[in-house]
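Report on the structure given below.
Because the structure is predicted, anything quoted here is derived from the model rather than measured.
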Amino acid sequence: MEIGKWRPNTVQQKDVYWKSHVQKQWGNVPMADITRQKYQDWIDDLVKKNYAYSTIKSINSIVQLVMNRAEVNDVITKNRLRSITIEGAKHAKPAVLEPAHYEKFVETAKKVLNEYWMTMVYLLSLGARREEVLGLQYSSFKFFKQNDEEFCEITYRVGRNRVETQGGGLKNDSSYRTNYVNGDLVQMIKYSIQYSKNICTRTHRVLTDNGFLFLNEDTGMPVYIQYPNQIFKRVEAACGIHVYPHLLRHYFATMARSLNLSPTDVMHWLGHSSIGMTNSYTRPTQQGSLKVINGMEDVLFNGHKKNDEKPWYDWG
């Protein structure tokens, strides 16, 4: 943590897996006594208990981290647990948001939420992480005009999570970035900044340029970390469509790639460290599938009609 390799939030997550799973089983066992077969049996037992693949992978990563470090520091001669297999565990089904459902969710949100909280929804729809949106400060925004059109520069440099509730660093170096928006969102951001400052005044909070944008309207304190999820649940209750903040990040990546936007530009916009990471965020959609078949229809089928006027499905 001191050299910046791990964030406090990362340490807390690893501590949870260590205390909940690893320590109970292996905490008092000398590392040299942990055989590959014993460890594999334990992993297989987690599969039998219906732990998700992602959970078992996270648990295993803690053990591998300890064993690899022990090997490097000559505590053990070799990490005998390297390349252990996780077979049979269920992979979580990726959540998919169709464009029509996104549009209905947003239209419902406009009716359910005031403009201040609607601004939060739109900022999340830009693909920013929840902790990044909650970390936005008044100084994160700069407004300028270009060719008589007004733009807003949004700089992500602070994150708020369960551990660093008052703000800390972002996920990685690539996360520190600047995005630009125009159109109606510029006015919504301006409105929300003033709305937020009015909350500070009403609740007798000190106004500074580093004040957070999204505040509890009753106390003037920064909203708690799960608050965006609660906002989304209110909208879900009204329209029946399940959407959560991080799903909008996946949706942004999916639609951006579907529109053939530059992979590098999308990568930088989202704050990813590689194009591969951006690609892993994309999800299959019905619209995307129809776009593929519409694009391939002439290649696959219609070429035959030049020789036979009957449609291909009537051939016999």
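In terms of hydrophobic clustering, with Ile, Leu, Val, Met, Phe, Trp and Tyr side chains grouped at heavy-atom distances under 4.5 Å, Val29 and Ile62 are assigned to a common cluster. Under the 4.5 Å side-chain heavy-atom criterion for ILVMFWY residues, no single connected hydrophobic cluster contains both Phe151 and Met188. Tracing side-chain contacts under 4.5 Å through hydrophobic residues (I, L, V, M, F, W, Y), one never reaches Val163 starting from Leu170; they form parts of separate clusters. There is no path of hydrophobic side-chain contacts, each under 4.5 Å, that joins Val96 to Phe232. Note: the hydrophobic cluster containing Leu97 also contains Leu261 (ILVMFWY, side chain heavy atoms under 4.5 Å, direct or indirect links).
Aromatic pair His246/Tyr244: centroids not less than 6.0 angstrom apart.
Using a 3.5 Å distance cut-off with no hydrogens or angles, the side chains of Asn198 and Thr201 do not pair a donor with an acceptor. Between the side chains of Gln226 and Arg130, at least one donor N or O sits under 3.5 Å from an acceptor N or O. No donor-acceptor contact under 3.5 angstrom links the side chains of Asn9 and Glu164, judged on distance only.
Put simply, the side chain of Ser140 gets close to the backbone of Gln137: a donor and an acceptor are under 3.5 Å apart. Formation of a donor-acceptor pair under 3.5 Å by the Asn68 side chain with backbone atoms of Glu71 is not found in this model. A side-chain donor-acceptor contact under 3.5 Å links Ser280 to the backbone of Met277. For the pair Trp18 (side chain) and Gly27 (backbone), a donor-acceptor distance under 3.5 Å is absent. Judged by distance alone, with hydrogens and angles left aside, the side-chain atoms of Ser125 form a donor-acceptor pair with the main-chain N or O of Tyr122 at under 3.5 Å. In this structure, the side chain of Ser273 does not engage the main chain of Ser174 through any donor-acceptor pair within 3.5 Å.
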Steps toward ring-ring contact (aromatic ring centres under 6.0 Å, His included) verdict (Tyr224, Tyr227): CA-CA 5 Å; Tyr224 61 93; Tyr227 192 73; 5.6 Å; yes

Stepwise side-chain contact (heavy atoms from CB on, under 4.5 Å) check, Tyr195 with Glu217: CA-CA 10 Å; Tyr195 192 96; Glu217 297 192 52; 2.7 Å; yes

Trace of the salt bridge (charged side-chain N to carboxylate O under 4.0 Å, His left out) decision for Lys49 with Asp45: CA-CA 6 Å; Lys49 292 178 179 177; Asp45 192 53; 3.3 Å; yes

Stepwise side-chain contact (heavy atoms from CB on, under 4.5 Å) test for Leu126 and Asn179: CA-CA 9 Å; Leu126 293 177; Asn179 292 340; 5.8 Å; no

Candidate pair Lys104 and Glu107, rule salt bridge (charged side-chain N to carboxylate O under 4.0 Å, His left out), full reasoning: CA-CA 5 Å; Lys104 182 177 180 180; Glu107 288 303 312; over 6 Å; no

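At most 12 non-hydrogen atoms from other residues, nucleotides or ligands lie less than 6.0 angstrom from CG of Asp184. Counted within 6.0 Å of CG on Asn28, heavy atoms from surrounding residues, nucleotides or ligands total 12 or fewer; the atom is thus considered open. The number of heavy-atom neighbours closer than 6.0 Å to NZ of Lys171, taken from other residues, nucleotides and ligands shown, is 12 or below.
Under the 4.5 Å side-chain criterion, counting only non-hydrogen atoms from C-beta, Ile84 is in contact with Arg36. Using a 4.5 Å heavy-atom cutoff, the side chains of Glu131 and Ile225 are not in contact. Within the 4.5 Å cutoff, side-chain heavy atoms of Leu215 are placed close to those of Cys200. Residues Ile34 and Arg80 fail the side-chain proximity criterion, which asks for heavy atoms closer than 4.5 Å.
Aromatic ring pairs are classed by plane angle as parallel below 30°, tilted from 30° to 60° and perpendicular above 60°; the pair Tyr116 and Phe214 is tilted. Classification of the His21-Tyr51 ring pair by plane angle, with boundaries at 30° and 60°, yields perpendicular.
Once rounded to the nearest 0.5 Å, the distance linking NZ of Lys38 with CH2 of Trp26 reads 7.0 Å. One finds the OG1 atom of Thr119 at 11.5 Å from the CG atom of Leu136 (value rounded to the nearest 0.5 Å).
Evaluated for a side-chain contact (heavy atoms from CB on, under 4.5 Å) with Pro263, the options Thr278, Ile275, Asn279 yield exactly one hit, Ile275. Looking at Leu270, Thr264, Asp265 one by one, the single match for side-chain contact (heavy atoms from CB on, under 4.5 Å) with Met267 turns out to be Thr264.
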